[in-house]
Protein chains: 2
Amino acid sequence: MQNVIKEKRTSFHITQEELSQKLNVSRQTIISLEKGKYKPSLVLAHKLAQIFGCTIEDLFIFEGDENIDG
Amino acid sequence: MQNVIKEKRTSFHITQEELSQKLNVSRQTIISLEKGKYKPSLVLAHKLAQIFGCTIEDLFIFEGDENIDG
DNA sequence: ATAAAATGTAAAGTGAACTTGACATCTGAT
DNA sequence: ATCAGATGTCAAGTTCACTTTACATTTTAT
């Protein structure tokens, strides 16, 4: 799964620290997310979409067996 | 967090077992999801939205601290 | 050049998403 | 009434999302 979180964040001119505070998660969580180290929870994905004023599907790119067809 | 998975599933006239097979998860996962016992992963939420032809935000209702404002 | 801010890495711990399996109850058709 | 299919409960296990802390590197401004 890929995401465009870093692109969105920089386009909003906020730091990882600021983003982590808005989301009530650690900065490490933001770093790992942007690096694609793990997949966020549904709630975290929803909050990110709220902050960036877009849909969850705008932020994340699902691949392979993350889709129904496989 | 609430969801409308049971309503969507019954409107599509498929059983929990059939849905679980389409999603590659256990039937227990569907039961627990419909009962609101836990929050699905982002990937599972995405697959559900694909199956039902809607968005993730159509399926799930976020409340309280699951939103940015709190 | 240097200091500060921003970003990154590493590692160990916790909780919850999801699994498996066994058994109970409800519903509908015959 | 009964049998099968669908739905539900309970419990124990595994995996991974996310945390915390501490330290290293890169970027930016002066």
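Convention: sequence-line order gives letters A, B, ...; per-chain numbering from 1.
- The minimum heavy-atom distance linking B:Phe62 with A:Val43 is given by the pair CE2-CA, 4.2 Å.
- Set against D:dT20, D:dT9, C:dC18, the side chain of A:Ser26 has D:dT20 as its closest nucleotide.
- How far CD of B:Gln21 is from OG1 of B:Thr15: 7.5 Å, rounded to the nearest 0.5 Å.
- The minimum heavy-atom distance linking B:Ile56 with B:Ala45 is given by the pair CG1-O, 3.9 Å.
- Residue side chain B:Arg27 does not reach the base of C:dG21 through any donor-acceptor N/O pair under 3.5 Å, judged by distance alone.
- As judged by a 4.0 angstrom heavy-atom cut-off over every strand, B:Ser41 is placed among residues touching the sugar-phosphate backbone only.
- Counting to the nearest Å, the P atom of C:dA17 and the NZ atom of B:Lys47 are 17 Å from each other.
- Between A:Leu19 atom CG and C:dT7 atom C1' the separation is 14 Å, expressed in whole Å.
- Ion pairing between a basic and an acidic side chain is recognised when a charged N comes within 4.0 Å of a carboxylate O; A:Arg9 and A:Glu18 show no such pairing.
- The distance from atom CD1 of A:Ile30 to atom P of C:dA5 is 20 Å, rounded to the nearest whole Å.
- Taking 3.5 Å as the limit, the base of D:dT7 and the side chain of B:Gln28 contain no donor-acceptor pair of atoms between them.
- We find that NZ of A:Lys39 is positioned 13 Å from C1' of C:dA17, with the value rounded to whole Å.
- Regarding A:Lys6, its NZ atom lies at a distance of 13 Å from the P atom of D:dT26, rounded to whole Å.
- Closest approach to the A:Leu44 side chain among C:dA17, D:dC18, C:dC18 is made by D:dC18 (side chain taken as heavy atoms from C-beta onward).
- Distance from the side chain of A:Lys35 is smallest to C:dT9 among D:dT9, D:dC18, C:dT9.
- The listed nucleotides are D:dC18, C:dT9, D:dG8; the one nearest the side chain of A:Lys37 is C:dT9.
- Under a 3.5 Å cut-off, the side chain of B:Lys8 and the backbone N or O of B:Leu48 do not form any donor-acceptor pair.
- If you take OH of B:Tyr38 and P of D:dT14, they are 18 Å apart, rounded to a whole angstrom.
- Atom pair B:Ile5:CD1 and D:dT7:C1' shows a separation of 16 Å (rounding to whole Å applied).
- The phosphate of C:dA6 (OP1 or OP2) has no side-chain N or O of A:Arg9 nearer than 4.0 angstrom.
- Nearest to the side chain of A:Ile31, among C:dT9, C:dC18, D:dG8, sits C:dT9.
- One interatomic measurement links the two molecules: CD of B:Glu17 to C1' of C:dC26, which rounds to 17 Å at whole-angstrom precision.
- Closest to the side chain of A:Gln16, from the set C:dG8, D:dG8, C:dC18, is C:dG8.
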